[in-house]
Every structure is written in C-alpha cells, then in structure tokens.
Q: 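Please read through the structure below; I'll follow up with questions.
Since the model is a prediction, treat every value here as computed from it, not as a measurement.
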Amino acid sequence: MADERDEEPKIRIVDRRMLSDEDRAGTAPAKEPESAPPKLEIIGGGQPAPSQSNAPIEQMDDEIMDDELSEEEAEQLREELESEQFGEIERRMGRPLTAQEKDTVRAEMERQAQSAASLEVGPVLLQLMAELSARAAVHLGLMPNPYTRLIARNDAQARLAIDAYSAMLQVVRASLDPASTREFERVLNDLRVNFTSITGTPLSGPGPMSGPRIIH
C-alpha cells in the first residue's frame, strides 16, 4: 500500500481569482509534474546542508569555518597582520623592532584578539576615550583635522569631547591599574587646562561656546 503522505489530497481549496481564463474553463494544457526542490547548499562551501544531521550547531559552524579558511591561509593572514603592525610601530619609532619587542607586540595582539572574541566592553571604552581626547585636541586647534589638514577651533565640540572623556573615565576607573589611572587623569587635566587657556572659559562654568572658525 502506498504511503498516505504520497497520495494527492482528496479536497483541494483553490482561489479561483488566481486562475487564468483557460483554467476556469478547464481548457488549460496539463502541467508537467514539478520536480523536487533543489537541496540547500552553503555558498562557497559546496557542501549540501546537513538537514538530517544530528551534529550540534557549534560543530557545524566550526566545520564551515574550517572549510572557508585553511590552516595555511590562517597562518599567512596572521603573518600579514603582524607585518603591518610591526611596520606601523617601526615607522613611529623610527627604528626596527628588536626580537623581544616583536614578541611583546605579538602577545598584545593575541590579548586583543581574545578580548574581541569575548566581546569585552572595557577595551572598547578605552579606545573610544583615546579617540575623544584626539578630537578634543583637534577642536581646540592644537592639531590639524586629519581629514581636511586644516586647523579649526570648535569650542562646543571640544567641550563635549572633554566632558564625555571625563564621564567615561569615571566608568572605567575601577578596572584600571594605578599607572593607567594616573595617565588618563593627566590627559584629562591637560585637556581641561588647554580648554580654559584657549577659550578663556572654565569647563565648570556655563559660558557660551563659540562656533567653529578657521585659524590661518
């Protein structure tokens, strides 16, 4: 006996509004039976989706990642990233890195990779604080805008960056070591002193902030 699931249903509800005139009149040519839908395949992997597999999802994801990036390719990518990091640091220092310094850089890169993989928030906040201090210096006219190469003052934006830096420092202070805390506090103090010296307005006061102007 044929499986009941393979039999055509005895009753089929059809919305006649979706039929053509030929279908309504019963004169439409018979349609060829539809073929089975194609199996899903992972783009780039070339392997059919394991619809009947009992493997855990995490294991399946690992297998997909292994197919996408071989061990040799991963090692080549790490070497390229290291080379870029070494080159940038050597450019800033003006000399080649020693073997010990390269090992230190590798260890820091590994630590940052693990931090990113675990979605730690602290490093993101510290990076944002560094960006805020740089933008505060730009808006105070202490350094040129890296995009326009112009020196422009914008007191309102400088004050916003410094206030945000100060607020974020209070948030991350508990997770900082004493040396890092002193360094962040020094940067904040320097920004505040420069703001008061340049604008003539203490940060604690509500004085009006001027708009941006180009300093020739």
Side-chain angles (χ1 to χ4, degrees), residues 69 74-210 212 215:
L69 193 64
E75 180 62 27
Q76 181 180 359
L77 179 59
R78 282 191 292 268
E79 291 178 356
E80 291 176 356
L81 292 176
E82 284 185 0
S83 178
E84 291 178 1
Q85 289 291 327
F86 295 159
E88 178 63 20
I89 295 174
E90 289 174 345
R91 184 186 65 79
R92 295 182 180 181
M93 298 179 65
R95 64 171 178 81
L97 292 173
T98 65
Q100 183 177 1
E101 289 172 336
K102 288 184 177 181
D103 289 339
T104 302
V105 174
R106 291 190 184 98
E108 177 61 19
M109 290 177 63
E110 179 65 23
R111 186 193 67 79
Q112 292 182 3
Q114 293 176 355
S115 173
S118 59
L119 298 181
E120 293 183 11
V121 177
V124 178
L125 296 179
L126 298 181
Q127 183 178 1
L128 181 55
M129 290 175 65
E131 179 68 17
L132 287 171
S133 64
R135 296 198 178 196
V138 169
H139 290 307
L140 287 173
L142 299 175
M143 56 188 296
N145 184 310
Y147 301 103
T148 65
R149 301 300 180 185
L150 298 175
I151 295 179
R153 264 184 57 190
N154 187 327
D155 297 351
Q157 289 296 305
R159 182 168 188 168
L160 179 60
I162 296 172
D163 287 345
Y165 183 100
S166 176
M168 295 181 68
L169 178 56
Q170 298 307 313
V171 172
V172 302
R173 184 185 297 274
S175 62
L176 298 176
D177 58 78
S180 297
T181 301
R182 289 193 296 270
E183 177 63 20
F184 282 112
E185 289 178 341
R186 181 193 64 78
V187 172
L188 177 59
N189 182 71
D190 289 348
L191 291 173
R192 285 174 168 169
V193 169
N194 277 281
F195 182 90
T196 301
S197 175
I198 292 172
T199 67
T201 305
L203 280 177
S204 57
M209 298 290 100
S210 62
I215 300 178

Q: My understanding is that only residues two or more places apart in sequence, or in another chain, count here; which of them pass side-chain hydrogen bond (donor to acceptor under 3.5 Å, both in side chains) with E79?
A: none

Q: Please identify each residue that fulfils side-chain hydrogen bond (donor to acceptor under 3.5 Å, both in side chains) with R106, with sequence neighbours left out.
A: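 Scan of R106 (side-chain hydrogen bond (donor to acceptor under 3.5 Å, both in side chains), adjacent residues dropped) gives E82, D103.
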
Q: Determine the minimum heavy-atom distance between S133 and A130, stating which atoms define it.
A: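 Smallest interatomic distance, heavy atoms only, reads OG-O, 2.8 Å.
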
Q: Decide side-chain contact (heavy atoms from CB on, under 4.5 Å) for F184 and V172; before the verdict, give the C-alpha distance in whole Å, the side-chain angles of both, and the deciding distance to 0.1 Å.
A: CA-CA 10 Å; F184 282 112; V172 302; 5.9 Å; no

Q: Got a sec, which residues hit side chain to side chain contact (heavy atoms under 4.5 Å, CB included) with L77, two or more places apart in sequence or on another chain?
A: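 L77: side chain to side chain contact (heavy atoms under 4.5 Å, CB included) contacts with E80, L81.
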
Q: I need the L140 CG to D155 CG distance, nearest 0.5 Å.
A: 7.5 Å

Q: Might you point out which heavy atoms bring V138 and P146 nearest each other, and give the distance in Å?
A: CG2-CD, 4.3 Å

Q: Which residues satisfy the side chain to side chain contact (heavy atoms under 4.5 Å, CB included) test with P123, sequence neighbours excluded?
A: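 Scan of P123 (side chain to side chain contact (heavy atoms under 4.5 Å, CB included), adjacent residues dropped) gives S115, E120.
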
Q: Mind checking what makes side-chain hydrogen bond (donor to acceptor under 3.5 Å, both in side chains) contact with D177, not counting sequence neighbours?
A: S180

Q: How about CD on E75, more than 12 heavy atoms from neighbouring residues, nucleotides or ligands closer than 6.0 Å, or not?
A: yes

Q: Find the distance between CG (N194) and CG (L142) and round it off to the nearest 0.5 Å.
A: 5.0 Å

Q: Are any side-chain N or O atoms of S118 and backbone N or O atoms of Q114, one a donor and one an acceptor, separated by less than 3.5 Å?
A: yes

Q: Considering only residues two or more places apart or on different chains, which pairs with a residue in residues 190-201 satisfy salt bridge (charged side-chain N to carboxylate O under 4.0 Å, His left out)?
A: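 Qualifying pairs: R186-D190.
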
Q: Output, in order, the C-alpha distance, side-chain angles, deciding distance and verdict of side-chain contact (heavy atoms from CB on, under 4.5 Å) for R159 and T199.
A: CA-CA 10 Å; R159 182 168 188 168; T199 67; over 6 Å; no

Q: Within this structure, what is the OG1-CD1 distance for the pair T201 and I198, rounded to the nearest 0.5 Å?
A: 11.5 Å

Q: Among all residues two or more places apart in sequence or in another chain, which pass the side chain to side chain contact (heavy atoms under 4.5 Å, CB included) test with A134?
A: none

Q: Listing request: all salt bridge (charged side-chain N to carboxylate O under 4.0 Å, His left out) pairs with a residue in residues 131-145, at least two apart in sequence or in separate chains.
A: E131-R135

Q: Side-chain contact, heavy-atom cut-off 4.5 Å: L191 with S166?
A: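 L191 vs S166: side chains apart.
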
Q: Rounded at 0.5 Å granularity, tell me how far CG in D163 sits from CG in L132.
A: 10.5 Å

Q: List in chain and number order the residues that pass salt bridge (Lys or Arg N to Asp or Glu O under 4.0 Å) with E108, two or more places apart in sequence or in another chain; answer none if no residue qualifies.
A: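 In terms of salt bridge (Lys or Arg N to Asp or Glu O under 4.0 Å), with neighbours along the sequence ignored, E108 is linked to R111.
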
Q: Sequence neighbours left out, cut at 3.5 Å: what donor-acceptor pairs do the side chains of residues 90-97 make with other protein atoms?
A:
from, atom 1, to, atom 2, distance (Å)
E90, OE2, L97, N, 3.0
R91, NE, E88, OE1, 3.4
R91, NH2, E88, OE2, 2.7
R92, NE, E88, OE2, 3.0
R92, NH2, E88, OE2, 3.4
R95, NH1, E101, OE1, 3.1
R95, NH2, E101, OE2, 2.7

Q: Testing the basics here: between A136 and A158, what is the closest heavy-atom pair and its distance to 0.1 Å?
A: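 Smallest heavy-atom distance, with atoms named: O-CB, 4.1 Å.
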
Q: Let me confirm one number: the CG-CZ distance from L176 to R182, rounded to the nearest 0.5 Å.
A: 11.5 Å

Q: Between T196 and V193, is there a donor-acceptor pair closer than 3.5 Å when you use the side chain of the first and the backbone of the second?
A: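 Judged by distance alone, no pair lies under 3.5 Å.
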
Q: What pairs with Q170 under side chain to side chain contact (heavy atoms under 4.5 Å, CB included), at least two apart in sequence or on another chain?
A: R173

